[in-house]
Amino acid sequence: MPRLDALQMQAGLLLALLACALMSFPATAQIAGKQPQGNNIAARLVADGPARAGEQVTLAIAFDPKPGWHGYWKNPGDAGYGLTLDWQLPAGWEAGEVLYPVPETLLIAGLMNHVYEGPHAVLVPVEVPATYDADGPPQIAVDARWLACTDKICVPESARLTLSLPMAANGGDARFDRWRAELPPLIDRTARFETAGDTLRIAIPLPASLGVADPHLYIEQTGLVDYAATQQFARAGDWLVGEIALSASPEAPQRIEGILALGEGEGIRFSAVPGPVPEGGQVLAASGEAPAYWLLILGALAGGLLLNVMPCVFPILSLKALSLARAGRSKAEARMEGLSYSAGVVLACLGLGGLLLALRAAGQQVGWAFQLQQPGVVVALLVLAGAITANLAGLYALPSFRLSRSGRPLSSFATGLLAAFVATPCTGPFMAAALGAALLLPPIAALLLFGALGLGLALPFLLIGFIPALRNRLPKPGPWMERFRRMMAIPMGLTALALVWLCWRLGGPWFALAAVLLTAAAVALLALWSAGYRPARNRGGYGIALATLTAVAAVGTMTALYSPSIREAGGMLNAQPLSETRLAEARASGAPVFVWFTADWCVTCKVNEQVAIERAETQAAFADAGVVSLVGDWTRGDPEIGGFLEQQGAAGVPLYIWYEPGAAAEQLPQVLGPQSLVSLAERPR
């Protein structure tokens, strides 16, 4: 019996091919020795409201197959025949592109078909000319031809569908709401494709938060791919990468259109152009299910929590430590401290995230920590760090602003703002997927991820404020706090020195000197103000200080405008600046390739470079293995580097990628150990 069933399937497919050749005959033609009684797929022409001059009216052709019968998508697959329409419209009217719902796959005897097995409708927008003057109800007709099949037999069918459009609004047809909902929307970003050997690779921008239960790519171009071949999918950040085997003799297209089915009847339309496709990433499991949005929220929360122990955030722990100690006075004060600090952190993350989304929407190629690519922002941070260092060291003390008698909420709020702002150069574990998804998600969903990141950063302090058992473990307030306060001027001073170095890297020595002078002038002015040196008492001295600030700011601005980036390639690994050409040449050489993305304002990047990259042992291992090293410097927001990061689904730095000869890209952890790169270089090949 199984052999007989297979023979029946093959006979049915031969009949399908014969039916395609007979499509020009009416539906009453003899097929398989039987005379069909009417169409097996009923069709009806429907309009969504009246036609008005200069506007668009939507028509639908609703199909209703008999049980066991199916119709075909515009590209039917290995067998079948798509819908053809011949319109008869009033003069000047023009029918647009036929819009199809997401099809289904039907595999019979190794042949893949793209079909519709239940009731469905295609929509056709029709443009009514502005000069149209209705003289009675407009008459529309269309000669439609399609193929109706079961798994054993196919019948070419046709019908002349006519419609008399109403002259006035009649409330529309409620079915159009359902039919429109079944159409896959066109994504607002362009997909990319490339060919690698006998494989077509398509990268579709799709937020990592969007679940993909059962992905499948339907390609509109006929004869391009092997429809029955297994399709492979992988997640590369906010790109869904699909790989499909090419057909035996495909023509190289300039653009690929199609539908990405997401499962359960959902999907999106895409338009792809030639371009680089991300490599590597996480291969989807058999179910093809992507991380849910709640997992991204948890990832952002965990990433923010881990930022508290990342090297880039350590300098501001002094401020948090002082606030923690001060929070031990009372339960009410501790809670107020925790809430105020958390509000500052979350607000800063939301503000930076919102600005990031706005800049990207305006076409800027920016990512997380974008503000530290601006010389003016770095100078402002240097002035702030210098002022805080002098304050902690006891050079001056400013009056504290109070919103309540017992605590200093405004001080804690400002500390939270500073904590989040200084923490942004880092993207720690768990953050990459969440921040990458935020770049493609709708604004509200993206901002929730940024808010979760801020909540994770503030969570330890918030818990201490609300859990007495944790607060009781803190040292009691006392004279030690003043000594500790002075000691904490050291890490904050080191932060200021790091910002001076960053100013030098961004703008050169004169720019760094101007920034230092501006910081010194600001500290001097604050010290005079704290000591009671008011303008009313000595207007001349105040004027001199103000003039100094203005002059130094002007020098700094002019220097910033004329100072180029001075990053030079090289180092112990003799790395070359990253570019698409250099990367392609390096990979074509057959040698292992190491690419790292860094920035002078990223403390984690610098720690990794000292621990794992700029080491004699790494240099020797790379030389023995012939590893080619490329570095992408994102200190000043290079758009090309930003494009590389986006391809890898990364929202910021650090990012490390390893290419084995002939293999896909391998993303390395964001925190490298001393032997991480040595082990990769010593792999057997």
Side-chain angles (χ1 to χ4, degrees), residues 16-17 19-21 23-24 39-46 58-65 69-87 94-108 111-126 142-149 154-159 161 179-187 191 193 200 202 204 215-228 231 242 244 247 250-251 253-262 265-272:
L17 297 175
C20 294
M23 282 297 292
S24 60
N39 287 331
N40 296 287
I41 301 180
R44 182 185 178 190
L45 183 61
V46 187
T58 301
L59 304 179
I61 302 178
F63 295 98
D64 188 8
W69 292 81
H70 59 260
Y72 289 87
W73 185 49
K74 62 191 309 181
N75 179 351
D78 286 321
Y81 194 88
L83 175 67
T84 61
L85 301 173
D86 183 12
W87 292 95
E94 184 175 350
E97 178 187 2
V98 180
L99 303 176
Y100 292 80
V102 180
E104 304 171 85
T105 57
L106 179 62
L107 186 64
I108 301 178
L111 298 180
M112 176 64 74
N113 302 283
H114 307 147
V115 304
Y116 300 104
E117 295 187 316
H120 61 283
V122 299
L123 302 187
V124 182
V126 176
V142 59
D143 291 323
R145 299 177 183 273
W146 63 89
L147 187 66
C149 293
C154 287
V155 179
E157 299 183 344
S158 65
L161 308 175
W179 291 336
R180 286 192 175 95
E182 292 173 349
L183 295 180
L186 178 65
I187 57 175
F193 73 89
L200 173 68
I202 300 180
I204 300 175
H216 188 87
L217 284 167
Y218 296 92
I219 307 299
E220 288 189 11
Q221 284 84 347
T222 59
L224 179 61
V225 299
D226 182 353
Y227 304 114
Q231 298 185 2
I244 318 173
S247 62
E251 295 183 3
Q254 295 302 312
R255 180 177 291 268
I256 294 178
E257 314 279 349
I259 292 176
L260 170 65
L262 304 176
E266 300 292 331
I268 58 173
R269 292 167 56 210
F270 66 88
S271 179

Please evaluate residues F193 and I244 with respect to the criterion side chain to side chain contact (heavy atoms under 4.5 Å, CB included), reporting the C-alpha separation (whole Å), side-chain torsions for both, the decisive distance (0.1 Å), and the verdict. CA-CA 11 Å; F193 73 89; I244 318 173; over 6 Å; no
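- How far CG of N113 is from SG of C154: 8.0 Å, rounded to the nearest 0.5 Å.
- Atom CG of residue L217 and atom CD of residue Q231 lie 5.0 Å apart, to the nearest 0.5 angstrom.
- For E220, the salt bridge (Lys or Arg N to Asp or Glu O under 4.0 Å) test picks out K74, with sequence neighbours left out.
- Considering CG of L147 and CH2 of W69, their distance stands at 9.0 Å, rounded to 0.5 Å.
- Counting heavy atoms from C-beta outward, E104 and E117 have side chains that approach closer than 4.5 Å.
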Could you walk me through whether L200 and L224 pass the side chain to side chain contact (heavy atoms under 4.5 Å, CB included) test, one step at a time? CA-CA 9 Å; L200 173 68; L224 179 61; 4.2 Å; yes
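- With sequence neighbours left out, Y116 forms a ring-ring contact (aromatic ring centres under 6.0 Å, His included) with H120.
- Nearest heavy atom pair, residue A43 against residue W146, reads CB-CH2, 3.7 Å.
- Qualifying side chain to side chain contact (heavy atoms under 4.5 Å, CB included) partners for S247, counting only residues two or more places apart in sequence or in other chains: P250.
- In this structure, H70 and C149 have side chains that are in contact, with non-hydrogen atoms separated by less than 4.5 Å.
- The shortest distance between side-chain heavy atoms of L83 and R145 does not fall below 4.5 Å.
- In this structure, the side chains of F270 and L186 stay at 4.5 Å or more apart for every pair of heavy atoms.
- To the nearest 0.5 Å, the span separating OH on Y100 from CG on L183 amounts to 11.5 Å.
- With sequence neighbours excluded, the residues that form a side chain to side chain contact (heavy atoms under 4.5 Å, CB included) with A121 are A62, W179.
- Counting non-hydrogen atoms of other residues, nucleotides and ligands closer than 6.0 Å to CD of E94 gives a total of 12 or fewer.
- Under the side chain to side chain donor-acceptor pair (under 3.5 Å) criterion, S271 pairs with R255, E257, sequence neighbours left out.
- For Y227, the side chain to side chain donor-acceptor pair (under 3.5 Å) criterion is met by N75, not counting sequence neighbours.
- Evaluation of the ring-ring contact (aromatic ring centres under 6.0 Å, His included) rule for H216 yields Y218 as partners, not counting sequence neighbours.
- Between P103 and Y72, the closest side-chain pair of non-hydrogen atoms is not below 4.5 Å.
- In this structure, the separation between CD1 on I202 and CD1 on I219 is 4.0 Å, given to the nearest 0.5 Å.
- Not counting sequence neighbours, E266 has no partner by the side chain to side chain donor-acceptor pair (under 3.5 Å) test.
- Remark: D64 engages no residue in a salt bridge (Lys or Arg N to Asp or Glu O under 4.0 Å) (not counting sequence neighbours).
- In this structure, D78 CG and L106 CG are separated by 11.0 Å, a value rounded to the nearest 0.5 Å.
- You'll find the side chain of V98 stays beyond 4.5 Å of the side chain of I61, heavy atoms only.
- Qualifying salt bridge (Lys or Arg N to Asp or Glu O under 4.0 Å) partners for R44, counting only residues two or more places apart in sequence or in other chains: none.
- Residues L260 and L262 have side chains in contact (heavy-atom distance under 4.5 Å, counting atoms from C-beta outward).
- A181 is linked by a side chain to side chain contact (heavy atoms under 4.5 Å, CB included) to nothing, counting only residues two or more places apart in sequence or in another chain.
- Taking the side chain to side chain contact (heavy atoms under 4.5 Å, CB included) definition, one finds that P184 meets it with V102, I259, R269, sequence neighbours left out.
- Counting heavy atoms from C-beta outward, I204 and I187 have side chains that approach closer than 4.5 Å.
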Could you give me the CA-CA distance, side-chain angles and deciding distance for L45 and V142, then say whether side chain to side chain contact (heavy atoms under 4.5 Å, CB included) is met? CA-CA 9 Å; L45 183 61; V142 59; 4.3 Å; yes
